[in-house]
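These numbers come from a predicted model, not from an experiment.
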Amino acid sequence: MSRGRGRMYSGILAVAGAVLLVVGYQMQAAGRGTAAIDSIFLPDINGKLNLDDLKTDSSRVEEHLGYRRMFLKLDADNDNFLNRTEVENSARINFKVVKSFDDADKNKDGKLSMTEFRDAIHASTTENSDAKEDEKKLEKEKSIKKEETKPMGKRTKKKRPPPYPTYPPPHSPKSVPPATPFPPSISESRSRHHYIFTVDNRDVRGKGYRPFVAAANQMWAMLTPLKSAEKHEYIYLRSNLSCHITDCPTFPNGQRNKVCCEGPVYNKTLVPGAIGSAWGGDKIKEGEIIPVHPSWMDLKGILYMLDNVMEYGDIGVYLDSDAHFDFNKNKTFFESYGNMLPEFMNGTRPVAVVRDRSHWTAVCHADFGGPYTIDANSGIIMFTKNENARAFFERMWQSALVISPQEKRKENPLHYQFGWPHEQERLSWFASTKVENASVTYIQRMGWMFELPWCFQAICHRNFDKMPYIGDYVKESLSNSANCSVPEIKPYCNSSNKIGPEKYNDFVESLLDKVKVVPM
């Protein structure tokens with residue numbers, strides 16, 4: 001076949017494909033009723049899009065289909081109009097598309113048609129574009145003016161304080177422990193056992209967002225094995241057996257918890273440099289348990305999983321109580337992490353954490369005068385069971401007894417036994433130490449909202465008013481991702497193969513019934 005004829009056929013196929021795509025969306029819209037929705041064809045100057053338009057401006061097709069997808073996404077009651085509530089809910093899924101409902105509602109009927117919706121987006125886009133151009137011009141003028149007034153040979157960059165001197169934990173090994181990689185039968189296996197677990201001293205059915213988060217994690221553990229050989233189990237470690245101390249110290253800065261928890265045993269022989277509890281003086285004796293903030297229980301939970309639940313080579317994922325797996329992302333564990341974290345999967349670096357990049361960075365990082373080069377976040381901690389992982393977390397647990405560089409900088413020994421961010425400060429300390437860092441690898445942050453299978457409060461929800469924000473997100477996730485062919489789920493599905501709104505609460509209860517709650 002000649003090149004010219006090949007190009008001709010390619011052009012015909014491309015146009016035909018675009019037409020089929022448009023017609024397919026038109027048929028989909030027709031299935032929902034098209035009384036108030038414009039024709040799927042993009043309006044040209046005469047109001048329609050013909051075949052020549054497709055040949056010359058196929059980008060308009062994708063643009064219009066994008067508007068229609070957003071419109072259908074927001075149209076919760078499927079009446080082909082958007083009411084005020086549906087438009088206001090657009091911010092929750094990051095569709096900040098309509099600046100003012102009243103301005104967009106041209107015919108003042110209290111609802112938006114597809115035309116009004118599209119015109120509002122165009123107006124907003126144009127306005128934002130003009131504003132950005134004006135902002136760029138203003139910044140350029142300021143920059144030029146600044147350069148003109150800047151003294152020759154002088155730097156205007158603000159000086160930051162030098163890093164605070166750091167040192168390793170006194171009970172860390174003197175040299176890097178030898179790596180203990182798994183055999184290929186474990187590291188390359190697609191059927192390793194994955195344990196997802198939360199640690200909380202409150203009831204799984206308690207108030208707030210916890211029941212929804214637990215239901216989402218249980219949904220993940222139940223459905224993911226149906227699409228892969230991976231074995232998943234969700235466990236809710238309830239730390240009420242450890243968090244029963246009511247005579248809590250007033251420490252630091254006048255803080256007094258209603259409940260505090262059993263920490264490590266004060267042992268100066270086992271932990272060189274241990275000083276017990278700075279608040280207690282003679283109250284804490286050698287061999288006694290020190291009290292700590294409930295946030296330290298994630299480390300105790302990790303040790304519990306390693307000692308009582310997991311087998312050699314199994315993978316554990318600790319999630320903070322506002323983080324959850326999301327089946328809607330359609331990613332298995334190995335698909336998400338197999339290529340990203342090869343040293344984690346083979347056991348060479350058996351601990352994986354996330355860098356924080358938040359207020360904690362400004363508090364602790366060496367770039368801002370702090371002692372640490374790694375600003376870790378303890379909201380998700382992944383680990384795989386081997387000797388080095390067990391020893392790493394044992395040393396972290398015992399570090400509640402010793403003074404860290406950040407505490408020395410604050411001139412407040414053992415501040416983080418109760419002060420924010422609690423054990424996260426110790427994780428940053430360990431990750432910033434050469435010997436301890438040899439066991440740690442880092443979960444890539446770029447694109448994680450879409451690529452990784454879990455949702456973190458600060459990433460997916462982006463709002464510290466966690467309820468009802470997390471509850472709404474989880475409801476949408478569970479309702480849309482339910483596999484209605486699964487016998488346990490089918491009774492809660494409607495004719496559209498989604499969880500019926502009237503059955504949603506019962507569905508959540510059924511998932512909570514399956515959650516394995518383990519007192520700790």
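A search for disulfide bond (SG atoms under 2.5 Å apart) contacts involving Cys364 returns nothing, not counting sequence neighbours. Remark: Ala362 pairs with no residue by the side chain to side chain contact (heavy atoms under 4.5 Å, CB included) rule, at least two apart or across chains. Applying the side-chain hydrogen bond (donor to acceptor under 3.5 Å, both in side chains) test to Asn267 and every residue at least two apart in sequence or in another chain returns nothing. Partners of Asp314 by salt bridge (charged side-chain N to carboxylate O under 4.0 Å, His left out), not counting sequence neighbours: none found. Residues that satisfy the side chain to side chain contact (heavy atoms under 4.5 Å, CB included) test with Lys514, not counting sequence neighbours, are Gln218, Met222, Glu488, Ser510. Applying the ring pair (Phe, Tyr, Trp, His ring centres under 6.0 Å) criterion to Tyr492, with sequence neighbours excluded, gives Phe507. For Thr384, the side-chain hydrogen bond (donor to acceptor under 3.5 Å, both in side chains) partners at least two apart in sequence or on another chain are Arg192. A search for ring pair (Phe, Tyr, Trp, His ring centres under 6.0 Å) contacts involving His193 returns Tyr195, not counting sequence neighbours. Taking Val517 as the reference, Val204, Tyr236, Arg238, Val515 meet the side chain to side chain contact (heavy atoms under 4.5 Å, CB included) condition, with sequence neighbours excluded. Applying the ring pair (Phe, Tyr, Trp, His ring centres under 6.0 Å) rule to Tyr442 yields no partners; only residues at least two apart in sequence or on another chain are considered. For Ser439, the side chain to side chain contact (heavy atoms under 4.5 Å, CB included) partners at least two apart in sequence or on another chain are Pro350, Asn388, Phe392.
As summarised for Cys248 and Cys260, their two SG atoms come within a distance smaller than 2.5 angstrom, satisfying the threshold.
Taking the six-membered ring where tryptophan is involved, the planes of Trp220 and His232 are perpendicular, since the angle between them exceeds 60° and thus also 30°.
Remark: Leu478 CG to Lys498 NZ distance equals 13.0 Å, nearest 0.5 Å.
Screening residues 165-178 for side-chain hydrogen bond (donor to acceptor under 3.5 Å, both in side chains) gives Ser172-Glu436 as the qualifying pairs, with residues at least two apart or on separate chains.
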